[in-house]
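Structure first, commentary second.
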Amino acid sequence: MAEHITTLISEEKVTERIQQMADQISRDYEGQSVHLIGILKGSVFFVCELAKRLSIPVSMDFMSVSSYGSGTKSSGVVRLIKDLDDPIEGRNVIVAEDIIDSGRTLSYLMENLADRGPDTLRLCTLLDKPDRRVVDVKVDYTGFEIPDEFVVGYGLDYDQRYRNLPYIGVISFDE
């Protein structure tokens, strides 16, 4: 089966939008610091680019939470694979995700983190796919709203491939 990728969002548009998001977060937290939590593996590119552009003090940690297998659809089973290294109690926490799809993973994660006593807890995503939502999730910062297509690039993968693409592409398959 051959795979083809067409560009959905160019590298330039991704970079520009991340800067706009960083500017907004920096305004919202002016005079404060934020603690970014990147969700592995997909958010690595996004969270690093976002952190570089923030004009306020920032610290970072990572978690690995998954509801995907090796296919193109969410399995619906949420697993915590790697927890945080440090406590978040009393901190301004922003969870940075590559994409929000069904909402299952993020709903679970946000409840889990809220129970840990952060001062504030917000959700930031590069991509939002609202047509696939089955669990309501409040997203505070959204890069792009996209249609119900399977996307790769900028950290998003298909079976652990294509994360390194510098743009967001739609993957299609030829039999």
Side-chain angles (χ1 to χ4, degrees), residues 7-68 80-103 105-114 116 118-130 132-133 137-146 149 151-157 160 162-170:
T7 301
L8 179 65
I9 306 168
S10 71
E11 179 177 7
E12 295 76 22
K13 287 186 187 217
V14 171
T15 300
E16 178 182 321
R17 185 65 186 123
I18 292 172
Q19 182 63 59
Q20 293 168 351
M21 295 170 77
D23 291 345
Q24 183 63 55
I25 291 167
S26 295
R27 283 190 300 273
D28 290 351
Y29 287 93
E30 186 175 353
Q32 302 176 65
S33 62
V34 295
H35 186 67
L36 292 179
I37 297 176
I39 308 304
L40 298 172
K41 300 175 186 170
S43 76
V44 170
F45 289 81
F46 172 53
V47 75
C48 290
E49 291 300 317
L50 182 66
K52 288 189 320 189
R53 289 168 170 78
L54 291 171
S55 62
I56 56 175
V58 62
S59 56
M60 294 171 58
D61 203 344
F62 292 90
M63 293 182 86
S64 184
V65 181
S66 178
S67 67
Y68 281 87
L80 179 61
I81 299 165
K82 182 217 174 288
D83 206 345
L84 298 174
D85 293 332
D86 298 309
I88 59 170
E89 186 174 352
R91 298 174 108 171
N92 293 316
V93 174
I94 299 176
V95 174
E97 180 64 293
D98 55 353
I99 189 168
I100 300 176
D101 179 291
S102 71
T105 302
L106 269 298
S107 175
Y108 165 83
L109 179 63
M110 296 303 279
E111 276 185 37
N112 180 296
L113 293 173
R116 300 180 192 200
D119 190 34
T120 62
L121 179 62
R122 291 189 176 169
L123 178 56
C124 177
T125 187
L126 180 60
L127 303 174
D128 190 4
K129 202 186 286 187
R132 300 263 310 145
R133 197 82 82 247
V137 178
K138 181 183 184 292
V139 182
D140 300 285
Y141 306 100
T142 301
F144 300 93
E145 196 171 288
I146 63 168
E149 302 274 1
V151 290
V152 295
Y154 220 86
L156 293 114
D157 74 298
Q160 298 300 324
Y162 306 114
R163 288 188 196 279
N164 62 316
L165 296 176
Y167 59 89
I168 305 298
V170 174

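We're numbering straight along the sequence, starting at 1.
Residues Leu126 and Glu97 form no side-chain contact, since every pair of their non-hydrogen atoms from C-beta on lies 4.5 Å or further apart. Put simply, the side chain of Arg91 reaches to within 4.5 Å of the side chain of Ser59, judged on heavy atoms. In this structure, the side chains of Lys82 and Asp61 come closer than 4.5 Å at one or more pairs of heavy atoms. Residues Thr15 and Glu49 fail the side-chain proximity criterion, which asks for heavy atoms closer than 4.5 Å. Taking 4.5 Å as the limit, every side-chain heavy atom of Phe144 sits out of range of all side-chain heavy atoms of Lys129. A 4.5 Å side-chain heavy-atom check between Phe45 and Pro166 finds every atom pair outside the cut-off. Residues Met21 and Cys124 meet the side-chain proximity criterion, which asks for heavy atoms closer than 4.5 Å.
The distance from the OG1 atom of Thr125 to the CG atom of Asp140 is 11.0 Å, given to the nearest 0.5 Å. Put simply, CG on Asp119 and CG on Asn92 are 5.0 Å apart, with the number rounded to the nearest 0.5 Å.
At a cut-off of 3.5 Å, with distance as the only test, no side-chain donor of Asp98 or Ser43 sits close to an acceptor on the other residue.
Across Val93 and Pro118, no two heavy atoms sit closer than the pair CG2-CB, 3.8 Å. Minimum interatomic distance between Ile100 and Leu123 (heavy atoms only, all atoms of both residues): CD1-CD2, 3.5 Å. Scanning all heavy atoms of the two residues, the minimum distance from Ala96 to Phe46 falls at CB-CE2, 4.2 Å. Val152 approaches Asp157 most closely through the heavy-atom pair CG1-C, 3.8 Å. Taking every heavy atom of both residues into account, Met60 and Cys48 meet most closely at CE-SG, 4.4 Å. Of all the heavy atoms in Arg122 and Tyr141, the pair that sits closest is NH1-OH, 2.7 Å.
Listed for the Arg132 side chain is no donor-acceptor partner under 3.5 Å among the backbone atoms of Asp101.
Asp128 and Arg133 are joined by a salt bridge, as a carboxylate oxygen and a charged side-chain nitrogen come within less than 4.0 angstrom of each other.
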